[in-house]
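For reference, the structure is listed below as structure tokens.
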Amino acid sequence: MTRLFGTNGVRGIVNQDMSVEFALEVGRAIGTFMGGRVAIATDSRTSGDMLRSAVSAGIVSAGSDVLDLGMLPTPALQYYVKNSGAKGGVMITASHNPPEFNGIKCVDHDGTEMPRRKEEVIERIYSERDFALPAWNAVGRIARMDGVASSYTNAIRRAVDRFKVQEAGLTVVLDCANGAGSITSPGLLEALGVRAITLNCNPQGTFPGHPSEPTPENLRDLVAAVKATGAALGIAHDGDADRAIFVDDKGTYVPGDQSLTVVASHIVQEHGGGTVVTPVSTSSCLEEVVRRHNGQVIYTKVGAPTVARRMMEIGAVFGGEENGGLIFPEHQYCRDAAMAIAKMLEIIALKGPLSELLKEVPCRSLDKRKLPCPDDKKAWVLEQVEAYFADRRTDLTDGVKVYFEEGWSLMRPSGTEPIFRIYSEGKDEATAKRCGDECEKVVRELLEE
Ligand code: MG
């Protein structure tokens, strides 16, 4: 059977592996599986119209109806699906990938990313060409739906203390990377009474401003604009605006694990405790701060859908990833950048500047390495690594995470590439490097066997 869906949908280069013919057939499989009303939206990529049309044609050919929501952030589509009674949703996006890429991502009826077992059914239908093929008078229809962006931002505005935010009279700089966040975030800020200076907030599929991954290199203009204007905050999104990365009032780029910790700290204090869920790869600064406020951290495998589902199961108060993907359970069980910026503004309005809030967060250094590893050797290497570190404290949630006296290392094979990754964290660069060196030596020797 063909595996279509990776951790974030099907992705490929447009008109090569991501062709109209392919999208049409994936659409037929999705329409066959969902058997009802399906909402669809795109990010700002140039191939958005082409792929939305092809997937939609496939869906209606299988007898399902399509509600076309136009261009929206992924979490806005998810919010619509959760509240609309649709059977599911389809997002045409390649998130932060370069502009020549695009992808197809499925959303379950409750607005969460589609669980793997359902994706497998779609893959089976696709592989076996087991498509529904109704008679001429039973094919579906495509209807256009407007106004979804404003109902989404209204819900977010109501989910925070908007009067406090308005009173604070904040000025921020917003960089939407020419992505789908341009549709919702400027309006959200206006509705919150925040003055926004905008960069790259016109949707443009070639991403002319900068590549859409919110890395420090890509956000140099944002950092400069925050410094030049004396803004209280800089905000950046990735291409489909499920992630938010911040620049503080001093013009310093804030790594995602630190902003995650600032928000977690506030939410745990509000709740007088509670559980925060995050992947095993997240910095231990989160756990340190959450515990200080009588909360606890539960670790999952890497991947936002896994975090979201675990949060749902255990009734977590908050969750998220170190890449700026924050999940607010009262709002919805998926990463939501607009909700993240509204919450961050509320926290700043209530407690003071982000640079001050960050003083609570211990600094950690990260050391990342990868070693080439053939796919058929991955499981064996992992087994041997586990045995080697058996007498140490380990966490086997995803790969092998080993705790050293002064830090930790996470060793796990990549799910998509023939490589073995080693992430290490320590209180400073030298410590993180020592952890990384020790683990690399072990993995390298195993690979040479
Ligand atoms: Mg994204």
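Note that the structure is predicted; figures quoted are calculated from it, not measured.
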**Report entry** Minimum side-chain heavy-atom gap Ile59-Met34 below 4.5 Å
**Finding:** no
Report task. Measure the spacing between NZ of Lys378 and OG of Ser414 and express it to the nearest 0.5 Å. Result -> 5.0 Å
Report task. To the nearest 0.5 angstrom, please state how far the CG atom of Leu24 sits from the CD atom of Glu21. Result -> 8.0 Å
Query raised in the report: With a 4.0 Å cut-off, would you call Arg243 and Glu213 a salt bridge?
Result: yes
Requested in this report: Could you tell me whether a side-chain N or O of Thr229 sits under 3.5 Å from a main-chain N or O of Ala225, the two making a donor and an acceptor?
Outcome: yes
**Report entry** Other residues, nucleotides, ligands: >12 heavy atoms within 6.0 Å of Lys87 NZ
**Finding:** no
Requested in this report: Please report the C-alpha distance between Asp175 and His210 in whole Å, then the side-chain angles of each, then the deciding distance to 0.1 Å, and finally whether the side chain to side chain donor-acceptor pair (under 3.5 Å) criterion is met.
Outcome: CA-CA 10 Å; Asp175 183 341; His210 58 74; 2.8 Å; yes
Query raised in the report: Heavy-atom distance under 4.5 Å between the side chains of Asp108 and Pro115, does that happen here?
Result: yes
Report task. Could you give me the CA-CA distance, side-chain angles and deciding distance for Cys334 and Asp242, then say whether side chain to side chain contact (heavy atoms under 4.5 Å, CB included) is met? Result -> CA-CA 8 Å; Cys334 64; Asp242 55 354; over 6 Å; no
Report task. Mind running side chain to side chain contact (heavy atoms under 4.5 Å, CB included) on Leu233 and Ile235 for me, showing each step along the way? Result -> CA-CA 7 Å; Leu233 186 69; Ile235 302 163; 3.8 Å; yes
Query raised in the report: In this structure, are over 12 heavy atoms from other groups packed under 6.0 Å from Gln296 atom CD?
Result: yes
Report task. Write down the atom of Pro329, the atom of Met311, and the distance for their closest heavy-atom approach. Result -> CD-CE, 3.7 Å
Query raised in the report: Do Arg412 and Val280 come within less than 4.5 Å of each other through their side chains, counting heavy atoms only?
Result: no
**Report entry** Salt-bridge contact Glu113-Arg309 (side-chain N to carboxylate O under 4.0 Å)
**Finding:** no
Query - Min side-chain heavy-atom separation Met50-Val14 under 4.5 Å - result: yes
**Report entry** Under 3.5 Å: donor-acceptor pair, side chain of Gln204, backbone of Asn178
**Finding:** no
**Report entry** Residue pairs, two or more places apart or on separate chains, that pass salt bridge (charged side-chain N to carboxylate O under 4.0 Å, His left out) and touch residues 62-84
**Finding:** Arg52-Asp68
Report task. Taking all non-hydrogen atoms of both residues into account, name the closest pair between Met114 and Val107 and its distance. Result -> CE-O, 3.8 Å
Query - Beyond-backbone contact of Val402 with Trp408, side-chain heavy atoms, under 4.5 angstrom - result: no
Query raised in the report: Is there a donor-acceptor pair closer than 3.5 Å between any side-chain N or O of Arg45 and the backbone N or O of Phe207?
Result: no
Query raised in the report: Does Ser265 use its side chain to pair, donor to acceptor, with the backbone of Thr261 at less than 3.5 Å?
Result: no
Requested in this report: Would you confirm whether Ser19, through its side chain, and Phe22, through its main-chain N or O, come within 3.5 Å as a donor-acceptor pair?
Outcome: yes
Query raised in the report: Residues two or more places apart in sequence or in another chain: which of them pass side-chain contact (heavy atoms from CB on, under 4.5 Å) with Ile104?
Result: Val10, Met18, Ala23, Val26, Ile30, Val55, Val90, Ile92
Report task. Please say whether more than 12 non-hydrogen atoms of neighbouring residues, nucleotides or ligands are located less than 6.0 Å from CZ in Arg144. Result -> yes
**Report entry** Carboxylate-amine/guanidinium proximity below 4.0 Å for Arg116 and Glu120
**Finding:** yes
**Report entry** Ser47 and Asn102: side chain donor to acceptor below 3.5 Å
**Finding:** yes
Query raised in the report: When rounded to the nearest 0.5 angstrom, what distance separates CG in Leu358 from OG1 in Thr252?
Result: 8.5 Å
Query raised in the report: Which heavy atom of Leu446 sits nearest a heavy atom of Val381, and at what distance?
Result: CD1-O, 3.9 Å
Requested in this report: Run the salt-bridge test on Lys401 and Asp395 with the 4.0 Å N-O cut-off and return the result as yes or no.
Outcome: no
Query raised in the report: Taking the side chain as C-beta and beyond, is there a heavy-atom pair between Arg11 and Ser95 under 4.5 Å?
Result: yes
Query raised in the report: Can you tell me if Thr215 uses its side chain to pair, donor with acceptor, with the backbone of Asn218 under 3.5 Å?
Result: yes
Report task. Over 60° means perpendicular and under 30° means parallel, so classify the ring planes of Phe318 and Phe328, tilted if in between. Result -> tilted
Query raised in the report: Can you list the residues that meet the side-chain contact (heavy atoms from CB on, under 4.5 Å) rule with Ala432, with sequence neighbours excluded?
Result: Ser365, Asp367
Report summary line: Note: Ala304 and Ile327 closest approach over all heavy atoms is O-CD1, 4.1 Å
Query - Stepwise side chain to side chain contact (heavy atoms under 4.5 Å, CB included) test for Leu260 and Thr278 - result: CA-CA 10 Å; Leu260 175 74; Thr278 198; 4.0 Å; yes
**Report entry** Backbone of Gly179 reached by a side-chain donor or acceptor of Ser182 within 3.5 Å
**Finding:** yes
Query - Electrostatic pair Lys368:Glu322 at N-O distance under 4.0 angstrom - result: no
Query - Nearest non-hydrogen partners of Glu448 and Lys377, listed with the distance - result: N-NZ, 4.5 Å
Query raised in the report: Just by modelled atom types, is the Gly31 backbone N or O under 3.5 Å from a matching donor or acceptor in the Ser64 side chain?
Result: yes
Report summary line: CD of Glu440 to CG of Leu447, rounded to nearest 0.5 Å, is 10.0 Å
Query raised in the report: Where do Val172 and Ile341 land on the side chain to side chain contact (heavy atoms under 4.5 Å, CB included) test, with the steps shown first?
Result: CA-CA 11 Å; Val172 305; Ile341 65 180; over 6 Å; no
Query - Value rounded to 0.5 Å, distance of OG in Ser259 from CG in Leu354 - result: 7.5 Å
Query raised in the report: What is the distance from atom CG of Asp238 to atom OG1 of Thr93, rounded to the nearest 0.5 Å?
Result: 7.5 Å
Query raised in the report: Got Asp336 and Gln78 here, is their nearest side-chain heavy-atom distance under 4.5 Å?
Result: no
Report summary line: Heavy atoms of Leu170 and Ala232 approach each other most closely as CD2-CB, 3.9 Å
**Report entry** Any donor-acceptor N/O pair, Ser127 side chain to Arg124 backbone, under 3.5 Å
**Finding:** no
**Report entry** Ser409 backbone acceptor or donor facing Ser424 side chain under 3.5 Å
**Finding:** no
**Report entry** The single option from Gln166, Glu346, Arg157 passing side-chain contact (heavy atoms from CB on, under 4.5 Å) against Leu192
**Finding:** Arg157
Query raised in the report: Is any side-chain heavy atom of Cys435 less than 4.5 Å from a side-chain heavy atom of Glu425?
Result: no
